[in-house]
A.B. asks: 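Right, I'll just put the structure down here and ask away after.
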Amino acid sequence: MAAVEVHRFAECITCHAWSPDRSMLAFCPNNNEVHIYTLMQSKWEKLHVLQKHDQIISGIDWSSRSNKIVTSSHDRNSYVWNLEGSEWVPTLVILRLNRAALCVQWSPKENKFAVGSGAKTVCICYYEQENNWWVSKLIRKRHDSSVTSVAWHPNNILLATTSTDGKCRIFSTYIKVVDAKESKTGSSSDSKFGELILQLDLSSCWAFGVRWSPSGNTLAYVGHNSMIYFVDEVGPSPLAQNVAFRDLPLRDVLFLSERLVIGVGFDCNPMVFAADERGIWSFIRFLGERKIKSSAPKYGSQLSGAFRTLYGQPKHGLSNDTNDHSRPQGTIHENCINCIVPLGTSGSSKGMRFSTSGLDGKVAVWDLENQADLSEYL
């Protein structure tokens, strides 16, 4: 199996992030705190507890260059945490939101970060040296519902978002006082802040996790209809593909290379998608142990499944029904995987390691180095 480390830190984990040297792990145990653990003598020990938010923390991102942690929460606030001595000191970011902050991510150059919210807006936050605080500019009146995920293009200007209105959008976030003129590339050079570059109407349901490929040439995002969407040549005439699968929907997605994508979600098992030489994407396999179907015919399994649905028994829950042929056998996670984080070298075009966390309170580290059937895509 590709999982090399599995640790259970809490009853439930909403999000997690790693320190730049991968020696410390920060996660939210489904409350208003951030717990930071470090590995001491082959054992994970709690090092810090960050307490400033009033409600559940929905997003964490740990910058790889400046060693800053940014958090977002349902309390409509965001904080930037700086390590001063042995203590993490928070700095409040005024988001000017009237709904929950749902996700957060540093830009590639770490001079900005984006916060998606339930207020149908995206906050682009940057540091004002003169006033020694973090301020935000809002992208308004573009989304028709909550912004569930944000992803920065490698050029540090373009930002992709997904929303529960079913659309994926790409915006320009160019801020004159922050972005140097030489950082402007392509069509984004003439775009003003908040300008809508592209709107994708590929999904007819909620849209979740969105990511750019390492080169920024391909965009991927997932829908709640058990489909994943790939968009090449983002621009006036984009090339879009969609891959449908028979399993439960995904919640997040990650590019490990230009041709390999990992999707995680309600099936509790990472799914591998890859592109062939023609650029056609398809589902390859589950990364953990495959779902094992019984060799003997199980009469009445459809009827028992219908009764299980009627009486509210979960698909992956404990049940006395031995005819449940769809239950995953030997998977690492026991509940929905809601977060996936790369562990590769910063700036590398490909990576073989990543981590996942889920509602079962586990954090798993995965390594594809010994997966021979996937090596051609890495």
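Everything quoted here is computed from the prediction, not taken from an experiment.
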A.B. asks: How far apart are the C-alpha atoms of Asp179 and Lys112, what are their side-chain angles, what is the distance that settles it, and do they pass the salt bridge (charged side-chain N to carboxylate O under 4.0 Å, His left out) test?
C.D. replies: CA-CA 9 Å; Asp179 300 299; Lys112 301 180 288 187; 3.1 Å; yes
A.B. asks: Is a side-chain donor or acceptor of Asn155 paired with a backbone partner of Leu158 at a separation under 3.5 angstrom?
C.D. replies: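 At least one qualifying donor-acceptor pair exists.
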A.B. asks: Is there a donor in the side chain of Trp206 and an acceptor in the side chain of Thr148, or the other way round, less than 3.5 Å apart?
C.D. replies: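 Looking only at side-chain atoms, Thr148 and Trp206 do not form any donor-acceptor pair under 3.5 Å.
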A.B. asks: Check the orientation of Phe283 and Phe286. Use parallel for under 30°, tilted for 30 to 60°, and perpendicular for over 60°.
C.D. replies: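 Geometry flag for Phe286 against Phe283: perpendicular rings.
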A.B. asks: Do you see a donor-acceptor pair shorter than 3.5 Å between the side chains of Glu258 and Ser213?
C.D. replies: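 There is such a pair (donor and acceptor under 3.5 Å, judged by atom type) between the side chains of Glu258 and Ser213.
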A.B. asks: Hey, can you tell me if Tyr79 and His53 have their rings parallel, tilted or perpendicular (30° and 60° cut-offs)?
C.D. replies: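 Aromatic pair Tyr79/His53 classed perpendicular.
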A.B. asks: Regarding Asp232 and Thr218, is there a side-chain donor-to-acceptor distance under 3.5 Å anywhere?
C.D. replies: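 A pair is found: one side chain offers a donor N or O, the other an acceptor, under 3.5 Å apart.
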A.B. asks: Closer than 3.5 angstrom, by distance alone: can the side chain of Thr356 be matched with the main-chain N or O of Ile340 as a donor-acceptor pair?
C.D. replies: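 Flag not set: sc Thr356 to bb Ile340 has no pair under 3.5 Å.
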A.B. asks: Heavy-atom count around Lys362 NZ within 6.0 Å, excluding the residue itself: above 12?
C.D. replies: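 Yes, the 6.0 Å shell around NZ holds more than 12 heavy atoms from other groups.
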A.B. asks: Does Arg251 count as lying over the ring of Phe208, i.e. NZ or CZ under 6.0 Å from the six-ring centre, within 45 degrees of the axis?
C.D. replies: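 So Arg251 does make the cation-pi contact.
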A.B. asks: Which label fits Trp44 and Trp18: parallel for a plane angle under 30°, tilted from 30 to 60°, or perpendicular past 60°?
C.D. replies: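 Rings of Trp44 and Trp18: perpendicular, as their planes differ by over 60°.
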A.B. asks: With heavy-atom distances below 4.5 Å as the criterion, would you say the side chains of Trp212 and Val234 are in contact?
C.D. replies: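 In contact.
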A.B. asks: Treating Asp267 as the side-chain partner and Asn269 as the backbone partner, does any N or O pair qualify as donor plus acceptor under 3.5 Å?
C.D. replies: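 A pair under 3.5 Å: no.
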A.B. asks: Does a side-chain heavy-atom distance below 4.5 Å link Leu47 with Met40?
C.D. replies: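 Of all side-chain heavy-atom pairs linking Met40 with Leu47, at least one is under 4.5 Å.
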A.B. asks: Just so I know, are the side chains of Arg96 and Thr121 near enough to count as touching, which here means a heavy-atom distance under 4.5 Å?
C.D. replies: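 In short, these two side chains do not touch, never coming nearer than 4.5 Å.
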A.B. asks: Parallel under 30°, tilted from 30 to 60°, perpendicular over 60°: which one fits the rings of Phe113 and Trp134?
C.D. replies: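 Answer is tilted, since the angle falls between 30° and 60°.
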A.B. asks: Does any N or O in the side chain of Arg8 come within less than 3.5 Å of the main-chain N or O of Asp360, such that one atom is a donor and the other an acceptor?
C.D. replies: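 Between the backbone of Asp360 and the side chain of Arg8 there is a qualifying donor-acceptor contact (under 3.5 Å).
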A.B. asks: With no hydrogens and no angle check, is any side-chain donor or acceptor of Ser107 less than 3.5 Å from a backbone partner on Asn156?
C.D. replies: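 Here the side-chain-to-backbone pair does not exist.
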A.B. asks: Does Ser163 use its side chain to pair, donor to acceptor, with the backbone of Lys167 at less than 3.5 Å?
C.D. replies: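 No; zero donor-acceptor contacts below 3.5 Å.
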A.B. asks: Using the six-membered ring wherever Trp is involved, compare the ring planes of Phe273 and Phe245 and label them parallel, tilted or perpendicular (cut-offs 30° and 60°).
C.D. replies: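 Aromatic pair Phe273/Phe245 classed tilted.
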A.B. asks: Just by distance, no angles: are the side chains of Gln105 and Ser149 close enough, under 3.5 Å, to form a donor-acceptor pair?
C.D. replies: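 No - no donor-acceptor pair under 3.5 Å links their side chains.
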A.B. asks: Can a donor-acceptor pair be found between the side chains of Thr71 and Trp81 at a distance below 3.5 Å?
C.D. replies: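 Distance-only check passes for Thr71 and Trp81.
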